[in-house]
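All of these numbers come straight from a predicted model, not from anything done at the bench.
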2 protein chains.
Amino acid sequence: MKTIAFMTGLGITTVSRALKDAPDIGAETKERVRLVAKQIGYQPNRAGVRLRTGKTNVISLVLTLEEEIMGITSPMVIGITEILAGTPYHLVVTPYSSSKDPLGPIRYILDTGAADGVIISRMEPNDPRVTLLTERQFPFATHGRTEMGIVHPYHDFDNGRFAYEAVRKLVERGRRRLVLLEPPPHLTFHSHMRTGFEHGLKDFGAESVSFHQVNIDYSLVAIRDAFEKLMGSSDAPDGIVSGSGSGAIALIAGIESARKKLGEDADMVSKVPSDFLRWLRPEVMTMYEDIRVAGRELAKAVIGRIEGKPPETLQSLSQPEFQPPMARSPEA
Amino acid sequence: MKTIAFMTGLGITTVSRALKDAPDIGAETKERVRLVAKQIGYQPNRAGVRLRTGKTNVISLVLTLEEEIMGITSPMVIGITEILAGTPYHLVVTPYSSSKDPLGPIRYILDTGAADGVIISRMEPNDPRVTLLTERQFPFATHGRTEMGIVHPYHDFDNGRFAYEAVRKLVERGRRRLVLLEPPPHLTFHSHMRTGFEHGLKDFGAESVSFHQVNIDYSLVAIRDAFEKLMGSSDAPDGIVSGSGSGAIALIAGIESARKKLGEDADMVSKVPSDFLRWLRPEVMTMYEDIRVAGRELAKAVIGRIEGKPPETLQSLSQPEFQPPMARSPEA
DNA sequence: CATTTCTACTGTATCGTTACAGATTTCCCA
DNA sequence: TGGGAAATCTGTAACGATACAGTAGAAATG
């Protein structure tokens, strides 16, 4: 900036103000400054700005290491960066080992002012992170909803609707004894999915087969073993709703270990974050949860919040849709 | 820091020096300063340090958006952050849209001093990014190798060995007409894999079926269609080596579209970054590329470089191993 | 005892930026 | 024509940290 000041013969202050289009700078001067700035490829020094103003130009994505399992991080990161690319914001990934202290990274960011906004996930109905961030009036957006009466920016997949439509589809196929592989009970979308499932059962006339031994956070091996037992029992379901793509893989293995056949002994609907299942097991009906879009929405939401937009305008819910069956061959 | 200085009655400079264990500060004073610092939870202000010293305490992971396809980003990010967690470094993800300007993000980082070190991937034999970073003496580590005679930190999976062992395995199964789904030709590991494949053919006595119409960067649909055609032709291979997990999925679809059967008409070996294939298609033989470990190694390597360790001590090659077949049921 | 040497500490300037409180010039109106 | 308002520009201080060049006092040296 000193260089620009020297080249234009102006004061440093003037250059600074001209570049941010302040009203007390002449139009012609601004033009000149902008030209020179572009010419020499001026980029504001982030440390300088940050030290002086406290603005970090950083968005922090707070991740549990557990999230890796679902392969959700990739598209989320990509989606976020797509939006940030057009802004001065950088994306910093802040993980926390062991889910025992979810507040740790939040406190760190609040205490050190490490970012201008945060994106968090794995939301709980009563989430202390949301309480803390709201108290401190710190901009954030959540992947998933809460139930505390606090209005905050979020993006969510309509898991209730997903389960409801899944039940409808299975009943249409003549299935009546349905099972749900659900999210862990402490997360908000557990009850969303559960409720949607139960509504579906009632509305479409099917019954529920209990399967609470495992949830989508369990290891694939644990899910497979539990489901193999269920499928081998006299209580075996004939319709399956899977709350996660990797869970579905384990369920399929369980079915096969029990010497049953998908599509014959049972049908399955699964939420998926990618195309793999559709390619390898086209007999599974899938609803695609687009995490990349979620990343985009969340990035837009935090930025909106940073800019002071009211939180209730920064909420979005993405509607599930069945994916068309995979065309197995070009001429088919 | 001002607070600590006030509380201890020392000068700000003394506090600064005491905290970094400078030799000209009394042992007792250091102890006192450290105690007070811990007491009030002092964390150095990153902007202050960065402005004064130029040290950003940031490692930048430079990604192509294409990388998402392979689902490689998640474990890579997790692996890196695992290492950075014990250090003052933050991880910033810097993507570049459209692979037409791979130098863009590198230039940005060099020009603005946005990071202390960089991790890059999708290496080419003659890679301008490596040239540039080396010229400017900027610490970096690469996921994959180059062939320019420049010694630099890297981590790589031994793709040559992978293809060689894959051929051995297929020949052991009685397969003789082998095909390779290879990486795109401009990337370094293309020739690694190709060479390993050819060596295998020669050493174990098999022949190559040409399949250059597509590579692992093509869409799954394109790969499937091309492979379906090949499998339907009189030139059909009976052994397949797939350079990527998602590619393998498309190949399987191609086989099935051509009304052939995996395990009967042909066997397949694939490199995979996750467990999915093993669960869903246990008949595919897999070698696991652990991207999380790669992330860890790369993080350690850049930090080593930042600390001035010689590059030749920061290189690692991970050896492929066949995964044990999936136990289909607990009692088996 | 004077002088050097060492130990332990400190003040000042600086990194790049912006907030704030002027300063200068021009213009308008009574 | 004098005085105030408006428009445009600028100098200084400060954000938090550290490099550097000291200083003061104690200890060692001859």
*Asks:* Do B:R107 and B:R136 have side chains that approach each other closer than 4.5 Å (heavy atoms only, starting at C-beta)?
*Replies:* no
*Asks:* With a 4.5 Å heavy-atom cut-off, do B:F140 and B:R305 have their side chains touching?
*Replies:* no
*Asks:* Give me the one residue out of B:D156, B:T188, B:D127 that meets side-chain hydrogen bond (donor to acceptor under 3.5 Å, both in side chains) with B:R145.
*Replies:* B:D156
*Asks:* Axis-to-axis angle across the helix from C:dC1-D:dG30 to C:dA30-D:dT1, five pairs an end, to 10 degrees?
*Replies:* 60°
*Asks:* With a non-hydrogen cut-off below 4.0 angstrom, is B:G11 in contact with a base, only sugar-phosphate, or nothing?
*Replies:* sugar-phosphate
*Asks:* Quick one: does B:S74's side chain have a donor or acceptor within less than 3.5 Å of a partner on A:S74's backbone?
*Replies:* yes
*Asks:* Does B:G48 or B:G9 map to a spot on DNA chain C nearer the 5' end, using the closest nucleotide for each?
*Replies:* B:G9
*Asks:* Nearest 0.5 Å, please: how far is CZ in B:R32 from OG1 in B:T14?
*Replies:* 10.0 Å
*Asks:* Both B:R52 and B:I12 contact DNA chain C. Taking the nearest nucleotide for each, which residue is further toward the 5' end?
*Replies:* B:I12
*Asks:* At a heavy-atom distance below 4.0 Å, which nucleotide of DNA chain C is the first touched by chain A, and which is the last?
*Replies:* C:dG16 to C:dC20
*Asks:* Hey, does B:T13 reach any base, or is it just sugar-phosphate, or nothing, if we go heavy atoms under 4.0 Å?
*Replies:* base
*Asks:* What I'd like to find out is whether the side chain of B:L133 reaches to under 4.5 Å of the side chain of B:L110, using heavy atoms alone.
*Replies:* yes
*Asks:* Parallel, tilted or perpendicular: which describes the rings of B:H155 and B:H143, with under 30° parallel and over 60° perpendicular?
*Replies:* parallel
*Asks:* If I take atom OH from residue A:Y96 and atom CG from residue A:L63, how far apart are they, to the nearest 0.5 angstrom?
*Replies:* 8.5 Å
*Asks:* First contact, last contact: which nucleotides of DNA chain D are these for chain A, 5' to 3', heavy-atom distance under 4.0 Å?
*Replies:* D:dT8 to D:dG16
*Asks:* Both A:I25 and B:L51 contact DNA chain D. Which one's nearest nucleotide lies toward the 5' end?
*Replies:* A:I25
*Asks:* Need one value for B:D24: base, sugar-phosphate or nothing, where a base atom within 4.0 Å counts as base even if backbone is also close, heavy atoms only.
*Replies:* base
*Asks:* Counting only N and O atoms by type, is there a donor-acceptor contact under 3.5 Å from the side chain of B:K30 to the main-chain atoms of B:A22?
*Replies:* yes
*Asks:* Checking all strands, does B:T14 fall into the base, sugar-phosphate, or nothing category for heavy-atom contacts under 4.0 angstrom?
*Replies:* base
*Asks:* I'd like to know if the side chain of B:T146 pairs up with that of B:H152 as donor and acceptor (distance under 3.5 Å, no hydrogens or angles considered).
*Replies:* yes
*Asks:* Below 4.5 Å, heavy atoms only, C-beta onward: do B:I109 and B:V62 meet side chain to side chain?
*Replies:* yes
